[in-house]
J.: 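To start, I am sharing the structure in question, which I have written as structure tokens.
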Amino acid sequence: MSAPVAGRAPSWNAPDASRRIVVGIGELAVADGSEEVLVTYGLGSCVAVCLFDPVARVAAMLHFLLPEARINPRRATEQPAAFGDTGIPLLLETAARHGLKKNRTRVRLVGGAEVANNPGGPLATGRRNILAARSVLWRYGLFVDAEEVGGAAARTVHLVARDGRVLVFNGREQIKEI
Amino acid sequence: MRILIVDDSAMMRALIKRVIGLTELPVDEVVEAANGAEALRILESREVDLLLTDVNMPGMTGVELLREISRLRKWPHLVRVIISTDGSASRRDEAAELDVRCYLEKPFSPEVLRNVLSQAAGSVQS
Amino acid sequence: MSSVKPPDLFSPDAGTQVAGAVVAVAERSFFADVQSCDRGRFDDLAAAIDDSWLVAMVHFREGDFAGALSCSLPQDLARNLLDAFTGRDPQEPDPDREALFDLVGELSNMICGTWLTRMAMAQTFTLSRPVVEFTRSRPAVGEDTVAMMAINDWPLLVSVACLGEDSAAAAAGF
């Protein structure tokens, strides 16, 4: 079991913080080292797409904000990972360069909540993001193996590269493993 | 494993075929029919292990097809799956009497179909 | 004798039931963002369409209750839904008319079947093969209208007409 980060109560199977790769909003990352953990925080209406190839031991995560690039084409050019329909293909392409093969890949979705405090955000962005993720994944021939989506609470997600576990937290409390 | 898809919608048949292709199931052949009568002709002419059939089709419906298959008793090992918009209790009861292994209600997500296929494939005798 | 009571298609509940069926079908099989809309929004969306519409009609019988459900949607929405349903690569050649008609027919088939299943959980029903046609005319919102929807910001109109037993049977070939 990893040692807990100083000052925090340990959670079951808490990954070692020193090997965390933080994925910010509108970012993606790939881990092909077995001791790494991909982490993204504050998933409200945003969706995290988590990929894991157990043979190549490649883990990849995207944290996207909006469903479609046509909502803001200029931003999509500068930051394609901010949108589901441009971010997911980029995630797949990037992960493939590290050896991920689609037919072996497990896909998990997390997020897409309808958060009450979403100033300036259009209605039902969370739901639209979930639908966009499913649509793009289907276009690329991928099934969604598990998900923890919807609701009203923000989530934090850890994707453990060693074994592909996806751990979902509400604040500090782990609420699910999918 | 040889699969026969029976649905009067070519789009639906294409969707089901795509899901089959994306699974890791050991599939040798996928054939299609647009109605029950065409399905019977295919069953008479080649080996089929798994039948996926809609219910509401012109001419011979899916239920009529399954009744005929039961009556003929030629394909005792054929694994039967219904894929239909009709999710009523009556239709499901009818399906159970016709030795239907799985009942998948439309609309369905690709994952749900994949899971039904895996379940049905587990019943196919090698 | 059937235990199915014909629904009161003029009640708000009828519209909610049909709309619920549209949402289930659109989200699950087409990954579409779908909402009910009021007359004003529907008219605005419809007015922006400068193209053909497709209309699909499905006849149904559930016990002694028979009728026809029709869905009207712009051609662009039909193409959009076809792409989502099949996972079509935009680089592939455009789908032909037969594929579009098939898709719209299947959409209507699923909406009708989902609605009927929810309306009377115990009773089986039969559906005719959908009949689909092009029209340049915008669909009219009228007495038969039960749901006005926005799917991916395109309009969809659903109408249900209850028919007398003889005419429904004849129309559906039952």
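We name chains A, B, ... by the order of the sequence lines, and we start the count at 1 in each one.
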J.: Decide if atom CZ of Arg70(A) counts as having more than 12 heavy atoms of other residues, nucleotides or ligands within a radius under 6.0 Å.
T.: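 No, not enclosed.
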J.: Within a radius of less than 6.0 Å around CD of Glu29(B), do more than 12 heavy atoms belonging to other residues, nucleotides or ligands occur?
T.: yes
J.: Enumerate by number any residue of residues 10-18 of chain B whose heavy atoms lie under 4.5 Å from heavy atoms of chain A; in the absence of such residues, state 'none'.
T.: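 Residues Leu15(B), Arg18(B) are the ones that qualify, each having a heavy atom under 4.5 Å from chain A.
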J.: Counting a contact as any heavy-atom pair under 4.5 Å apart, which residues of residues 97-121 of chain B contact chain A?
T.: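 Within residues 97-121 of chain B, the residues under 4.5 Å from chain A are Pro110(B), Glu111(B), Arg114(B).
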